[in-house]
Protein chains: 2
Amino acid sequence: MTTDAYLADCRARLAFDLLSNTWNAVLIWALREGPRRPGELRETIGGISPKVLTQTLRRLEFNGLVKRHAYAEVPPRVEYELTTLGRTLLTPIDTFGAWAFEHGDEVMAAQERHDG
Amino acid sequence: MTTDAYLADCRARLAFDLLSNTWNAVLIWALREGPRRPGELRETIGGISPKVLTQTLRRLEFNGLVKRHAYAEVPPRVEYELTTLGRTLLTPIDTFGAWAFEHGDEVMAAQERHDG
DNA sequence: CAGCATCCCGGCAGATACTG
DNA sequence: CAGTATCTGCCGGGATGCTG
């Protein structure tokens with residue numbers, strides 16, 4: 001354990017706030033192999049509306065995790081790419097993915113148990 | 001990277017949903033060393049209201065991450081404790097804590113940059 | 001002390017329609 | 001195709017007061 005405290009105003013909170021949205025982690029992961037266009041992202045992810053996609057990407061851009069590239073063409077072309085900082089989140093995200101892969105069943109079982 | 005895909009309906013979403021609340025990760029971390037009473041938790045964490053504390057603990061209990069022990073005493077005494085499943089989340093949480101410790105400044109710098 | 005009931009607020013997300 | 005504007009609903013979070 002590297003963090004000795006974890007309180008209300010702890011800096012560690014920052015990392016969770018970054019991924020506390022429905023799509024943030026999904027988009028970072030979808031961008032892991034390089035620049036992608038919004039259309040591509042919508043197709044590969046599925047279930048995300050164009051508005052929410054833009055909204056989420058801009059939020060990531062605001063936090064310095066994603067860089068936006070706009071090309072003056074017709075029809076317009078835009079690409080989003082992970083920044084160096086954004087790329088450093090891939091490993092932590094994968095840690096949680098691995099956890100879910102291993103323990104997801106237990107969580108769902110507990111949920112169903114408390115339903116009845 | 002252990003997860004090959006990360007889409008809208010991916011199981012990895014489960015892990016982020018678990019920690020997508022303001023206090024979930026904070027409470028798990030605060031319980032890492034053993035059972036704690038609500039009063040203790042409020043004191044060590046700070047900035048969380050009694051209602052939200054109970055609300056969050058019950059949510060964790062629902063997901064099988066925390067166990068609640070109630071003792072029939074006067075005044076009433078209650079303790080919350082991490083389950084085996086809940087304890088498996090400590091390492092992933094610490095991964096993010098370490099990330100925030102290392103990259104928190106960069107995120108805050110990016111935020112302030114996009115403000116002006 | 002632990003916890004519930006109530007009311008309120010803000011942000012995320014979804015659906016839809018429209019602009020360049 | 002990319003993005004915006006608007007409206008809507010929902011849930012988490014906070015404040016307050018009351019009960020056992």
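On a predicted model such as this, the values are computed, not experimentally measured, just so you know. The sequence lines fix the lettering, A, B, ..., with proteins before strands; numbering per chain opens at 1.
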**Q.** Phosphate contact (C:dC1 OP1 or OP2) by B:Arg77 side-chain N/O below 4.0 Å
**A.** no
Q) Is any side-chain heavy atom of B:Phe62 less than 4.5 Å from a side-chain heavy atom of A:Gln111? A) yes
Q: Summarise how protein sits on nucleotides 6-20 of chain D as a single string, 5' to 3': B when a protein heavy atom is under 4.0 Å from the base, S for sugar-phosphate-only contact, - for no contact.
A: B-----SBBB----B
Q) A:Glu43 CD to D:dC1 C1': how many Å, rounded? A) 14 Å
Q) Expressed in angstrom and rounded to an integer, what is the separation of B:Leu57 atom CG from C:dC1 atom C1'? A) 14 Å
Q | Rounded distance in Å - CG (A:Leu41) to C1' (D:dC1) | A | 13 Å
**Q.** Mutual orientation of the aromatic rings belonging to A:Phe16 and A:Phe96 [parallel < 30°, tilted 30-60°, perpendicular > 60°]
**A.** perpendicular
Q) Roughly how many Å is it from CG in A:Leu60 to P in C:dC12, rounded to a whole number? A) 12 Å
Q.
Nearest whole Å is fine: how far is C:dA13 P from A:Ile45 CD1?
A. 12 Å
**Q.** Nearest-0.5 Å distance that lies between atom CG in B:Leu90 and atom OG1 in B:Thr88
**A.** 8.0 Å
Q.
Any base atoms under 4.0 Å from B:Tyr80, or only sugar-phosphate, or nothing? Heavy atoms, all strands.
A. sugar-phosphate
Q. Taking OP1 and OP2 of D:dA2, is either one under 4.0 Å from a side-chain nitrogen or oxygen of A:Arg68?
A. no
Q. Rounded to whole angstrom units, what separation is found between the CG atom of A:Asp17 and the C1' atom of C:dC12?
A. 14 Å
Q. Crowded around B:Glu40 CD? As in, over 12 foreign heavy atoms under 6.0 Å?
A. yes
Q | Integer-rounded Å distance: C:dG3 P and B:Glu73 CD | A | 13 Å
Q.
Could you tell me if the side chain of B:Ile48 sits less than 4.5 Å from the side chain of B:Arg42, heavy atoms only?
A. yes
(Q) For B:Glu102, I'd like to know if atom CD has over 12 heavy atoms of other residues, nucleotides or ligands within 6.0 Å. (A) no
(Q) For the CD atom on A:Glu73, are there more than 12 heavy atoms of other groups (residues, nucleotides or ligands in this structure) within a distance under 6.0 Å? (A) yes
Q.
At less than 4.0 Å, is any side-chain N or O atom of B:Arg42 found next to OP1 or OP2 of C:dC1? Yes or no.
A. no
Q: Report the distance from atom CG of B:Leu53 to atom C1' of C:dC4, rounded to the nearest whole Å.
A: 14 Å
